[in-house]
Participant: 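Shown below is the structure under consideration.
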Amino acid sequence: MAEKRYLFTPGPTPVPPEVLEALSRPIIHHRSSDFREIFGRCLDRLAEVYRTKGDVLVYTSSGTGGMESAVSNLTRPGDRVVVVSAGHFGERWATLARTFGCEVDELRYDWGESPTADDLAERLRELGGAKVVFTTHSETSTGVVADVQGLAAAAKDAGALVVVDAVSSLGAVPLETDAWSLDAVVSGSQKALMSPPGLATVSVSAAAWHAVEADSSPRYYFDWTRARERQAAFDPAFTPAVSTLVGLDVALGLLLAEGLEQAFERHARLGRACRAGVKAMGLDLFSPDDDRSAVVTAVIAPDGIDSGELVQTLRDRQGIVLAPGQGPLKGKIFRIGHIGYYDAFDITTALAGVELTLSELGAEIERGAAVTAALEAFEHTRV
Ligand code: PMP
């Protein structure tokens, strides 16, 4: 039999069959009425998922392109910005902002810690304010989902713009672009939006547009103003990843048909199931043991087992693809992603594979307990 793969990474993620079908349709031209209809619907659906009445710009790039667009459109060299970082992707904001010449103050936590609004408020007080605060909603490298609502309120109180990396969280955990006054929210097609890699999405608030008009760094491809003008006519400035957009339109339709609140609840239950299974086999969690951790479950590898070796062995022997640890967590943790097109039986597949492979590698773990614990936990609705 052809080798089967089971993808449990926090991006890219599996794509529903309806989306795969859409991806296989003949290519349409991006300056045609066929495209305009799909693009227009896709933008409307994105605004619904973002919960915004403002603009959502779409770029053909990975999520990092969307992040770069926020830095280049909202800052100019010498601007003071604060970056809240507690892992790999928070640190990416700091690198990007430094690259564009910003004076970066990093509110830096150890990987795995949860940033707090109080710490941010205090730092902004000490600094006497900042132009922009860059934050990460779901820190995919650690499994922590931050209290972006609280962080945003602290940033706004200090008069700063607030930019959120929601690449791995949009569509999986609650995020309210307008109600939380988020000035720019960046996401990507290949995560909870159940589409292939290739598109970055960025919401832009009215306050952010004021800042864009005031001044900025050099930019061309990622110029927000041109993107907005051209999107208004459903006529993108540059050739977009047409097929990925066609797929994203279908995927967003599926997400909205499920209902955003229902999708958030499903993700919370998936996280709960995964954590229950991990604990039942006797492993320790690295990500927080709470319902907010609905994106990726990070697990500490048992003593004597290198998590990278576990991930590689799982892939080689069983076709199960998990994510290893990054940066200081390399070799120490492994991560099970559960955003987008997942149900309880995906979680049990991943857990059963981990159980089997760990025991083959000689770890002392409880065999046979994880699947039952996961299914039981999945059944529980929010308490
Ligand atoms: N931010 C977060 C939180 C992510 O999870 C990722 C992708 N893993 C990125 C940014 C970067 O996205 P991309 O790889 O699409 O550039």
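Order of listing sets the numbers, starting from 1, for every ligand and every atom in it.
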Participant: Just jot down the ligand 1 atoms closer than 4.0 angstrom to any heavy atom of S138, in number order.
Facilitator: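 Contacts of ligand 1 toward S138, numbered from 1: 3 (C).
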Participant: Tell me the protein heavy atom at minimum distance from atom 3 (C) of ligand 1, and give that distance in Å.
Facilitator: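 That would be T140 OG1, 3.1 Å.
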Participant: Looking only at protein heavy atoms, which one is nearest to atom 7 (C) of ligand 1, and how far off is it?
Facilitator: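 Ranking protein heavy atoms by distance from atom 7 (C) of ligand 1, first comes K191 NZ, 2.8 Å.
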Participant: Show, in sequence, the C-alpha distance, side-chain angles and deciding distance for R123 and D105, and conclude whether the salt bridge (charged side-chain N to carboxylate O under 4.0 Å, His left out) test is met.
Facilitator: CA-CA 9 Å; R123 178 62 63 88; D105 187 88; 2.6 Å; yes
Participant: Look at the side chain of S138 and the backbone N and O of S169, then say whether any donor-acceptor pair between them is shorter than 3.5 Å.
Facilitator: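 No; judged by distance alone, with no hydrogens or angles, the pair does not exist.
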Participant: Looking just at side-chain N and O atoms, do T140 and H88 make a donor-acceptor pair shorter than 3.5 Å?
Facilitator: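 No, because no side-chain N or O of T140 sits under 3.5 Å from a partner of the opposite role on H88.
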Participant: So, does T201 use its side chain to make a donor-acceptor pair with the main chain of V58 at under 3.5 Å?
Facilitator: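 No, T201 side chain to V58 backbone: no donor-acceptor pair under 3.5 Å.
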Participant: Please classify the T64 to ligand 1 contact at 4.0 Å (heavy-atom distances, strictly less than): side chain, backbone, both or neither.
Facilitator: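 Both backbone and side chain of T64 come within 4.0 Å of ligand 1.
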Participant: As a quick check of understanding, evaluate salt bridge (charged side-chain N to carboxylate O under 4.0 Å, His left out) for R219 and E68, giving each step before the final call.
Facilitator: CA-CA 10 Å; R219 68 227 172 192; E68 177 167 331; over 6 Å; no
Participant: Quickly, which of Q231, R226, R230 forms a side chain to side chain contact (heavy atoms under 4.5 Å, CB included) with L57? Name it, please.
Facilitator: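 The option that passes is Q231.
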Participant: I'd like to know if Q190 contacts ligand 1, where contact means a heavy-atom distance under 4.0 Å to any ligand atom.
Facilitator: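 Within the 4.0 Å threshold, so yes.
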Participant: Let me check something: do F35 and V19 share a hydrophobic cluster, defined by ILVMFWY side-chain heavy atoms less than 4.5 Å apart, either directly or through other members?
Facilitator: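 F35 clusters together with V19.
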Participant: Is it true that G11 lies under 4.0 Å from ligand 1, counting heavy atoms only?
Facilitator: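 Heavy atoms of G11 never come under 4.0 Å of ligand 1.
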Participant: Between ligand 1 and H137, can you find any atom pair, the residue atom being a heavy atom, that is separated by under 4.0 Å?
Facilitator: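 Flag not set, H137 not near ligand 1.
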Participant: Under 3.5 Å between some N or O of ligand 1 and some N or O of G63?
Facilitator: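 Yes, since at least one N or O of G63 sits under 3.5 Å from an N or O of ligand 1.
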Participant: Which residue owns the protein heavy atom closest to atom 6 (C) of ligand 1, what's the atom, and how far is it?
Facilitator: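 Sorting protein heavy atoms by distance from atom 6 (C) of ligand 1 puts F89 CE2, 3.3 Å first.
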Participant: Distance to 0.1 Å, residue and atom name: give those for the protein heavy atom nearest to atom 1 (N) of ligand 1.
Facilitator: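 Checking every protein heavy atom, the shortest distance to atom 1 (N) of ligand 1 gives D165 OD2, 2.6 Å.
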Participant: Under 3.5 Å, side chain of D183 to main-chain N/O of V162, donor-acceptor pair present?
Facilitator: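 It does hold such a pair.
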Participant: Just jot down the ligand 1 atoms closer than 4.0 angstrom to any heavy atom of S62, in number order.
Facilitator: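 Per the distance check, 13 (P), 15 (O), 16 (O).
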Participant: Which of the atoms of ligand 1 are close to R92, meaning less than 4.0 Å from one of its heavy atoms?
Facilitator: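 Going through ligand 1 atom by atom, the ones under 4.0 Å from R92 are 11 (C).
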Participant: Below 4.0 Å, non-hydrogen atoms only: which portion of S169 touches ligand 1? Side chain, backbone, both or neither.
Facilitator: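 Near ligand 1, S169 shows nothing, with every heavy atom at 4.0 Å or more.
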Participant: Testing F100, W93, F89 one by one against F134 for a ring-ring contact (aromatic ring centres under 6.0 Å, His included), which residue passes?
Facilitator: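 With F134 as partner, F100, W93, F89 yield a single ring-ring contact (aromatic ring centres under 6.0 Å, His included), made by W93.
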